[in-house]
Structures are given as structure tokens and as C-alpha cells.
*Asks:* 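Okay, handing you the structure first.
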Protein chains: 2
Amino acid sequence: MSRPTIGDVAAAAGVTKATVSHAYSGKRPISVATKQRVFAAAEQLQWVPSSSARALATRRANAVGIILARDPDILASDTFFPAFIAGVESVLARQEVALVMQVVTNRTAEERAYRAMAHGRSDGVILLDLHRSDWRVGFLQDLRIPAVLLGAYDGETSFSRVRTDDATPVKELIAHLRAAGHERIAHVAGPLDYVHSYVRARAYLEETGTPELLREGDFTAGSGRDLTAELLRLPDRPTAIVYANDTMAIAGYSHARAHGLDVPRDLAVAGFDDDHLSGHLSPALTSVFTDPRRRGEVAAERLLADIAGDLHREVTVDCTRLVLRESTAAAAPTTARPLLTKELP
Amino acid sequence: MSRPTIGDVAAAAGVTKATVSHAYSGKRPISVATKQRVFAAAEQLQWVPSSSARALATRRANAVGIILARDPDILASDTFFPAFIAGVESVLARQEVALVMQVVTNRTAEERAYRAMAHGRSDGVILLDLHRSDWRVGFLQDLRIPAVLLGAYDGETSFSRVRTDDATPVKELIAHLRAAGHERIAHVAGPLDYVHSYVRARAYLEETGTPELLREGDFTAGSGRDLTAELLRLPDRPTAIVYANDTMAIAGYSHARAHGLDVPRDLAVAGFDDDHLSGHLSPALTSVFTDPRRRGEVAAERLLADIAGDLHREVTVDCTRLVLRESTAAAAPTTARPLLTKELP
DNA sequence: CCTCATCGTCAAACCGGTTTAGCGTCGACT
DNA sequence: AGTCGACGCTAAACCGGTTTGACGATGAGG
């Protein structure tokens, strides 16, 4: 015997499907006695409404989507992502909305995935990892599906946005390093076509005016190491480096220490995003806490509101916070100590 | 104007819905000329089949589910999870199957979520964080939905299982520490009702026979710190501690170092799961790489096979690997150095 | 020339819900 | 007594696909 349907429940309770439906939805008044018969029958048959049938009839999937175009390896080592999901879920859970995730590896698959989202798989999507001019914005607008953009997307759009101020903490970080005596401060950025990388890098440039000390990494440990090596080989090497994430920062300072530099005495180091281990390293890593959990909550709330018809608002989440730790603690010498180039790779 | 349906495409191509459907599915022969007209019409109208309508008609959601009963905070700091998801997704993506995730906070919600999965939201589920006697196994069996169990679940079940050998690396770790001269080796376990925690703890006990040096933590940094403090206060304190995950290990060794112990000289420390930062700490943390990515792939493959009708197999993934690093590198003194108790909290 | 199998398509039923027009019953009001 | 409105429920259409039985046209075989 197969799963019971609403028809089975109706038959058992001696009513029609419509009555069962109304008994649950409350959209039409149903007498108490009938309701009880219906609920009893449903209980006894262990009836659970079919999500797909309901989705078809109501044109509501009761789900929201997130599509990731990242390489699975990068996803695996990302500290932002699980916390963000946790935040999203904590909001969705209350309304029994599910989260549909899809990881794609090429543009064709990505478009197909978004189309599927728009056509019954989900009621709205959250866009992460925005590029400065992101094709997905226009694409989703054509698809007429609610979307929430995470980050400081500047382009034209009618979608809701959840912004954070990434520039201020970068500037504060640099001010902090300056106050500690640093004059040559470098920045290892993330890929500059990502808006969040770009905003951080621009803040760095506005504050320091030293484009020659800016490097573009890709958020991986390997690029953190390599670019750090490159910066330290400079004739007039930086005494402090601000990284766009903690993974690069840690790889960077490990490299520096392996080549005889003391952190923070010879090189001050700061990360971004405050990985949960960063406070436990030694020296503990200065970073910027960006509360991904909370941003996930806000994005989910905003999206649900959009879906419910309260459209197109912009929310700014004020949640970034400097976390000063040992890696930037000690005052640095005014001039960099001479460094034997042979010590460096 | 609303989204085009299969009826619109059929009308545009001058055929019926059935013909459109068959043109795509190939379940009935359709002439080349007709196919071309159909595809052209679909292309021109930008038709995408509705996932919910298809799900209803085929009784296939083209999605698999993962339900997490964890606290969102623990999810946020978990290193296993994103890598596992990445593995799952890399397999699902090939078949255009989506992943439906749901985080729940209580048993009622969890049951409802699984019921929804069984009733149209997904075609099968992956069970994580198995308990030694897990109600979900029987529950899902009643629900008649394919499921794959991750871990060494011992109970009666007809579900497929993806096993790994967690015991061997624990024993190897202890052998390694013994070879380095350690005699009193402690273990800070995870919650012992989890099968994976339990298996590791039992391996520890079989190898050492010292239940007095076993502590039950909860995978958080806080519990790592507290239980480490407790162990170090013992009159005959351990000279090495094996932790059930890296987070607890790092919190533990940071605590020990903050109280004057040198790692690894005074205390050797090993973690489990090999967090992506563990190799970058100093001292770098010895750990056990458990290849969550690969386990995700295997679990997803197994589940898709189950759904396709190739049922109930057991797969063992041989992927755990000891990663020896500095935190267990140096030989320890034969007897623990005297330790001033006032140094410890 | 008639029969019969094959091919390509159509029409209609079906999946399991939701939504809405309508209908009978009952009490209240005039 | 007759009219009216509210109430509680039924019947049927609908959501957008898939599946299946049937049917006309075509060509091969006897």
C-alpha cells in the first residue's frame, strides 16, 4: 500500500478533499466536529501532505535557494560559509522553509540551476560572491524571481541588498598599525572582481596610497604564502600586511616566521573574517569579525519578506568589529630590520 | 504574462503536450521535423519545465536531503561539514540533483522535516551524526525513504552504510606517542552517544586501558579548554592528550601553554579531523585527516544508487591518514615534570 | 487488393494537492 | 409564512507536467 493522500483522509473522515484542505488551512470555516474527524483520520493514516503537490497547486516551493559557483575545494576550506548557512537556516527553520543548495562548475549549469530555482524549486534565491558587474543580477531579474544580494553591489538593480561596511574596519586596521609605528603597510587582497575584495582593497588604497604594496590573491593558503614571499623580497619591504582573509594571513605569517621573522616584532599581520581558530594561534591573529551568522539571518529575513511581497529594501548590517590580538600587538621598529634576502625563497 | 508552460510550447509548435514531453524524454519516437519545431518553440518561449509539476507527476523530487539537528553555533564552527557538503554536491551536480538542507532544533521539527523529505521534498536522505541507538533509523524505515548512514552504526538496519575506520588512526596515534616515550596518555572525547566519538574512545581504552584519563567533551573550544585544565590538575597528570577534534585540541594546548607548559616538550597534543589551519599553527598540530570531501562523494553516490534501485550496500571508505606534526614531535621526558598546581586554574 | 505491423501523434487520465462557485440547511427578521 | 443571510460543506476546475490507450497513415507481405 502506498502513502495516504488527502483523498484517503477525506474518505476516512467522510468528507471531501476540499474540507480536509480547509480544515488545515483555515481558509474556510469548518465545524469543530468535522475538524476533529478530519484530524483523527489524518493522524490515524499518518497523512503528510505531499510537498510537490502543494508546491504545484500553490506555486510556492516553500524553499529558498543558494547556488554556489565556487570550486568545491574552496568551499571546503571556507570559514564564512557554514556560519552564514547556519544563520540562514535559523530563520528559515521557524517558517519550515527549506534551503536548496546547488554547487555548479560552469556557466551553463549555473544558468540551468537558476532557471530550475525560478521554476518551482524555490521561491527566491540568495546571491553570494557578487562580482562587480554580475550577470546574475540581470539574469534573475528576467527570471522574475525574488533575490537578495549580499554585499555592496553597486550596479542597477531592484533586488533587496544586505550590505555591510567592509571599508571602515580596513581603515581602522591601518590606523591601528600606523599608531603602532608602521609606515609601509601592504595588502593581500582577494580576487578584485569580487565586490567585497574590491571594497577592501579600495579602502586600503584610499587610506595608504601605496598601490605598489597591493597584491591580488585568491583566498587560498597557497596564494597567501606566495604573495607574502613576494612582498618580503621587496627592497623596501612592508612591516605590516593586511590580508583579505585569515587563511591567507596565517599562511603568510607562517611563511615569514619560517624564514626567521618574528611576528609581530618584524612583521605585523592582520586577517579578515575571524576564523574560529584565529584566536587560538600563537601569536593570536588580529582579524575583523564580520558576523556571518547574523548576515545569514538578515539575508534570510529579507528574502522571506520579499517573497511575502514586501519588496526591495536595502538593509545595512552593522556587524563588523575589529579583533585586535597579538599579531599586531607590539610596536614595530620605525624602520624595517635588514633582512638577508637569502633567507627568503 | 506568466511563465510559459508545456501547453504554450505545444501550441506554438502545433502539437500536443504529450508530443513535447516525448520529444524531450525520448520515451516515444518523435520525428526529427517535429522535434525541431518543438525545440525551436521551447527555445523561443524560454520554456523550462516546472520542477514541482514534474516532481508530482514522476514522484521524483530530483533532490536529496540532509537534516541537521545541531545547534547552529556548532554548525558554524564545524570543519567537517562544508567539506562533506562539497563532496556530496560534486556528485549531485553531475546529475542535476539538488541538495535540500534543513537545520532543526527539536525532535518534533526534526520528525516533521523528515516526513516532508519523504513526502515529495527529496528522494532520499543522508544521516549524519549518528547516535549509538538512533531513533531516526527506524523512523525513516517506516517512512520508506532511501537513506544512507554515515559512520559505524551497529544497529539493525537495511539502509546503506558508508563506514570509515576511526579506530585504527587512534591506535596508531597512541602507538606513536608511546614510541616517543609517553606513558600517561589522556583522551578528550566527543559526546559518547555519537558513534564516531564512541568508536574513537573505545579504541583509546582498548589501547591504553586508562579510563581515568578519559574525558567526555562536546567538540567546542570551551570544553577542550576546561577538560584539559582538569586533566592537568591530576596528581599524576598525562604527558600527552589525544582530542576528538582539532578545535578542542587547539583550545587545550593554548590553555596549557598559557599556563607555562611547552608543547610538545611538556605536553604532546593530537587532534582529529585535520582542520585546514592545523598545519599552520605553531606548533603545528598533529591530527588525523579523514577526508570528509571524499566521504561526501561516496555517500552521495551510494544514495543515488539506492534511489535508482541498487539497494542496501555497505561501503567502507579507507581514507583516514595520520598527519604527524610538531605538536607530537619531540620525545617527552619519561616522567612528567613537576608542575606547580598554582600555575593551573 | 487486402491485411497487418509500425510509426508518429493525439486525447485523456493521472499525480495530490488548493481554490472557488454553488448548494442545502437553518435561524432570524419582517 | 416568506425572505434573506450566514454557515458548512460538496463538486469540479485547476496547477503543469507524464503516461498510456487509441488511432490514422504508411509501407511491407501474402
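In the text below, chain A, chain B and the rest are named by the order of the sequence lines, each starting its count at 1.
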*Asks:* Under 3.5 Å, side chain of A:T58 to main-chain N/O of A:R54, donor-acceptor pair present?
*Replies:* yes
*Asks:* To the nearest Å, give me how far apart CD (A:Q36) and P (D:dG8) are.
*Replies:* 14 Å
*Asks:* Report yes or no: do B:Q46 and A:R115 form a side-chain donor-acceptor pair below 3.5 Å?
*Replies:* yes
*Asks:* Start with the C-alpha distance between A:D154 and A:R132, add both sets of side-chain angles, then the distance that settles salt bridge (Lys or Arg N to Asp or Glu O under 4.0 Å), and finish with yes or no.
*Replies:* CA-CA 7 Å; A:D154 286 326; A:R132 270 190 289 156; over 6 Å; no
*Asks:* Checking B:T316 against B:R163: is there a side-chain donor and acceptor pair closer than 3.5 Å?
*Replies:* no
*Asks:* Among A:P49, A:S21, A:S50, which one satisfies side chain to side chain contact (heavy atoms under 4.5 Å, CB included) with A:I6?
*Replies:* A:S21
*Asks:* Using a cut-off of less than 4.0 Å, is there contact between a side-chain N or O of B:W47 and OP1 or OP2 of D:dG16?
*Replies:* no
*Asks:* Could you list by number each residue of residues 55-63 of chain A showing a heavy-atom separation from DNA chain C of less than 4.0 Å, or answer none if no residue does?
*Replies:* A:L56, A:A57, A:T58
*Asks:* Do B:S160 side-chain atoms and B:R302 backbone N/O form a donor-acceptor pair below 3.5 Å?
*Replies:* no
*Asks:* Tabulate protein N/O versus nucleotide N/O from nucleotides 8-13 of chain C, keeping only pairs under 3.5 Å, one per line.
*Replies:*
unit_1	atom_1	unit_2	atom_2	d
C:dT9	OP1	B:S31	OG	3.0
C:dT9	OP1	B:T34	OG1	2.1
C:dT9	OP2	B:S31	N	2.9
C:dT9	O4	B:R28	NH1	2.9
C:dC10	OP2	B:T16	N	3.0
C:dC10	OP2	B:T16	OG1	3.3
C:dC10	OP2	B:T19	OG1	2.7

*Asks:* Nearest-Å distance, CZ (A:R54) to C1' (D:dG16)?
*Replies:* 18 Å
*Asks:* OP1 or OP2 of D:dT18 less than 4.0 angstrom from a side-chain nitrogen or oxygen of B:S21, does that happen here?
*Replies:* yes
*Asks:* Between D:dT18 atom P and B:Y24 atom OH, what is the distance in whole Å?
*Replies:* 11 Å
*Asks:* Look only at the side chain of A:R28 and the backbone of A:H22, and say whether a donor-acceptor pair between them is shorter than 3.5 Å.
*Replies:* no
*Asks:* Working note: B:Y24 + B:W47, criterion ring pair (Phe, Tyr, Trp, His ring centres under 6.0 Å); need CA distance, chi angles, decisive distance, verdict.
*Replies:* CA-CA 12 Å; B:Y24 278 94; B:W47 174 67; 5.6 Å; yes
*Asks:* Counting N and O atoms only, with roles assigned by atom type, does the side chain of B:R60 sit under 3.5 Å from a partner on the main chain of B:S122, one being a donor and the other an acceptor?
*Replies:* no
*Asks:* Measure the distance from CZ on A:R121 to P on D:dC15 and round it to the nearest whole Å.
*Replies:* 22 Å
*Asks:* Could you check B:A53 against B:K27 and say which one's nearest nucleotide on DNA chain D is further toward the 5' end?
*Replies:* B:A53
*Asks:* Roughly how many Å is it from NE2 in A:H119 to P in D:dG16, rounded to a whole number?
*Replies:* 11 Å
